[in-house]
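What follows is a set of notes on a single structure, which appears directly below.
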Amino acid sequence: MVTIADVARHAGVAPSTVSYVLTGRRSISSATKARVEASVRALGYHPHAGARSLASNRANVLALVLPVREGMNMPVLMQFVVAVANAARRHEHDVLLVTADQGAAGLRRVAGSAQVDGLLVMDVEMHDERVPVLRELDRPSVLIGFPADAAGLTCVDLDFAEAGARCVDHLADLGHASVALVGAPRAVYQRDTGFAHRTMAGFSAAAMRRGVASTTLPTEPDHESVRVAITGLLDRHPAVTGLVVHNEAALPSVVEVLRTLGRKVPDDVAVVAICPDDLAERMTPPLTSVAVPAEQLGHHAVALLMAKLDRTPTPPLTLLPPRLTERASTAR
DNA sequence: GGGATTTAAGGCAGTGAAAG
DNA sequence: CTTTCACTGCCTTAAATCCC
């Protein structure tokens, strides 16, 4: 294995000089720097990660804590994972994906063993058992999502309450007087997951405010469940002419079921989705949607965590404002 | 004097030898 | 057999030194 000593010998300098060239923490003459860099390339040197973290007390690894649970939509989660990994890489960090460990034990393990410098935590519940642990840990953390009590934490999220409200406002503006929220699977609400809870609250409050009749139904994503749910909904509430769908996996089935029921979109039923833009654009017809900006959220979360690692003060809660894009599913 | 470079210490976990 | 202790690994960093 090529070590920093080999590079130093090859370049005719001290090991510490190589280190300073590599980290850029001290000024090095351009001639020396060029020689060292040439030696690094010539020998194919890569710093030994273990030794580096031993000496610097930095692992250059971030934990992405993402318990994979019932009712989660993998394609959307992957957008977050990719965004986080790419952003971390731009800050010279790698990502340790923590999925298997349930709750607090997993946090303690990766933080306590100095495997990671900081933690990004996803799928945050309103009363999340991991939150008190995060406050205790000696490693900084950023939550994508936020619990009921976010005191002392750094959180970033889409403003899902406002997202739910924007959907209702859009439908109300178009003259719809009765709307329904086709929500996440029941298990997601039972866990009291923050984003699902807030979307529903924002949806209901806006409907009340606008004097629009509203109903909500948690929905399992498989086609048959969607068929039963939508059919039942339109039977019980024949006046419903607007659907807000906050369930990416169910989205194709919702559109398909409406078609088989002979309900034209948007003429008979208007549909607004809360989902990533690419998904809304791919549907037939393309759906009006409030974007779930996975890329942006992931980047933002990493930037906040980097700031905390540098001991730069960070805002406790960053809520991205929802952006609604009109497409064919709600045309006037 | 001041920028460039080197020296030396030390970070943590594990290993093997010596001492008990 | 258990305990102790020096030492290794690879790197970073504060302090010391070099040299124009």
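The sequence lines fix the lettering, A, B, ..., with proteins before strands; numbering per chain opens at 1.
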Would you list the atom pairs, donor with acceptor, under 3.5 Å between side chains in residues 14-27 of chain A and any protein atom, with sequence neighbours excluded?
from, atom 1, to, atom 2, distance (Å)
A:Thr23, OG1, A:Ser19, O, 3.0
A:Thr23, OG1, A:Arg25, N, 3.4

Run the side-chain donor-acceptor check on residues 267-283 of chain A: report pairs under 3.5 Å with partners two or more places apart or on a different chain.
from, atom 1, to, atom 2, distance (Å)
A:Asp268, OD2, A:Lys264, N, 2.6
A:Asp277, OD1, A:Arg327, NH2, 3.2
A:Asp277, OD2, A:Arg323, NH2, 3.0
A:Asp278, OD1, A:Gln79, NE2, 3.4
A:Asp278, OD2, A:Gln79, NE2, 3.4

Give the table of side-chain donor-acceptor pairs shorter than 3.5 Å for residues 34-44 of chain A, with sequence neighbours excluded, one pair per line with atom names and distance.
from, atom 1, to, atom 2, distance (Å)
A:Arg35, NE, A:Ala11, O, 3.1
A:Arg35, NH2, A:Ala11, O, 3.3
A:Ser39, OG, A:His10, ND1, 2.7
A:Ser39, OG, A:Arg35, O, 3.2

Sequence neighbours excluded and cut-off under 3.5 Å, please list the side-chain donor-acceptor pairs for residues 68-78 of chain A, or say none.
from, atom 1, to, atom 2, distance (Å)
A:Arg69, NE, A:Asp123, OD2, 3.2
A:Arg69, NH1, A:Glu125, OE2, 3.3
A:Arg69, NH2, A:Asp123, O, 3.4
A:Arg69, NH2, A:Asp123, OD2, 2.7
A:Arg69, NH2, A:Glu125, OE2, 3.0
A:Asn73, OD1, A:Val76, N, 3.4

Side chains of residues 297-316 of chain A: which donor-acceptor pairs under 3.5 Å do they make with residues two or more places apart or in other chains?
from, atom 1, to, atom 2, distance (Å)
A:His299, NE2, A:Arg90, NH2, 3.1
A:His299, NE2, A:Glu295, OE2, 3.4
A:Lys308, NZ, A:Ser141, O, 3.1
A:Lys308, NZ, A:Thr154, OG1, 2.9
A:Thr314, OG1, A:Thr154, OG1, 3.4

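In this model, the phosphate group of B:dT6 is approached by a side-chain N or O of A:Thr17 to a distance below 4.0 Å at OP1 or OP2.
A heavy-atom distance below 4.5 Å is not found between the side chains of A:Val156 and A:Phe146. The side-chain heavy atoms of A:Ser204 and A:Thr216, taken from C-beta on, include a pair separated by under 4.5 Å. At a threshold of 4.5 Å between non-hydrogen side-chain atoms, the residues A:Val95 and A:Leu64 count as touching.
Not less than 6.0 angstrom separates the ring centroid of A:Phe203 from the ring centroid of A:His246.
The closest side-chain donor-acceptor pair between A:Ser178 and A:His237, if any, does not fall under 3.5 angstrom.
Sorted by first and then second residue, the pairs that involve residues 200-210 of chain A and meet salt bridge (charged side-chain N to carboxylate O under 4.0 Å, His left out), not counting sequence neighbours, are A:Asp169-A:Arg209, A:Asp169-A:Arg210, A:Asp173-A:Arg210. Applying the salt bridge (charged side-chain N to carboxylate O under 4.0 Å, His left out) definition to pairs two or more places apart or across chains, those involving residues 145-168 of chain A are A:Arg135-A:Asp149.
Taking the side-chain contact (heavy atoms from CB on, under 4.5 Å) definition, one finds that A:Ala180 meets it with A:Thr215, A:Leu233, A:Val240, A:Leu243, sequence neighbours left out.
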Using a cutoff of under 3.5 Å, can you pull out all pairs of nitrogen or oxygen atoms linking the protein to nucleotides 9-15 of chain B, with atom names and distances?
from, atom 1, to, atom 2, distance (Å)
B:dG11, N2, A:Ala51, O, 3.3
B:dG11, N2, A:Ala55, N, 3.4

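Taking five base pairs at each end of the helix from B:dG1-C:dC20 to B:dG20-C:dC1, the local helix axes there meet at an angle of 50°, rounded to 10°.
Bracketed by its first and final contacts, the part of DNA chain C lying under 4.0 Å from non-hydrogen atoms of chain A reaches from C:dG9 to C:dA15 in 5' to 3' order.
Of the residues in residues 22-37 of chain A, those lying under 4.0 Å from DNA chain C by heavy-atom distance are A:Thr23, A:Arg25, A:Arg26.
Residue A:Thr3 is in sugar-phosphate contact alone, with no base atom involved, counting any heavy-atom pair closer than 4.0 Å across all strands shown.
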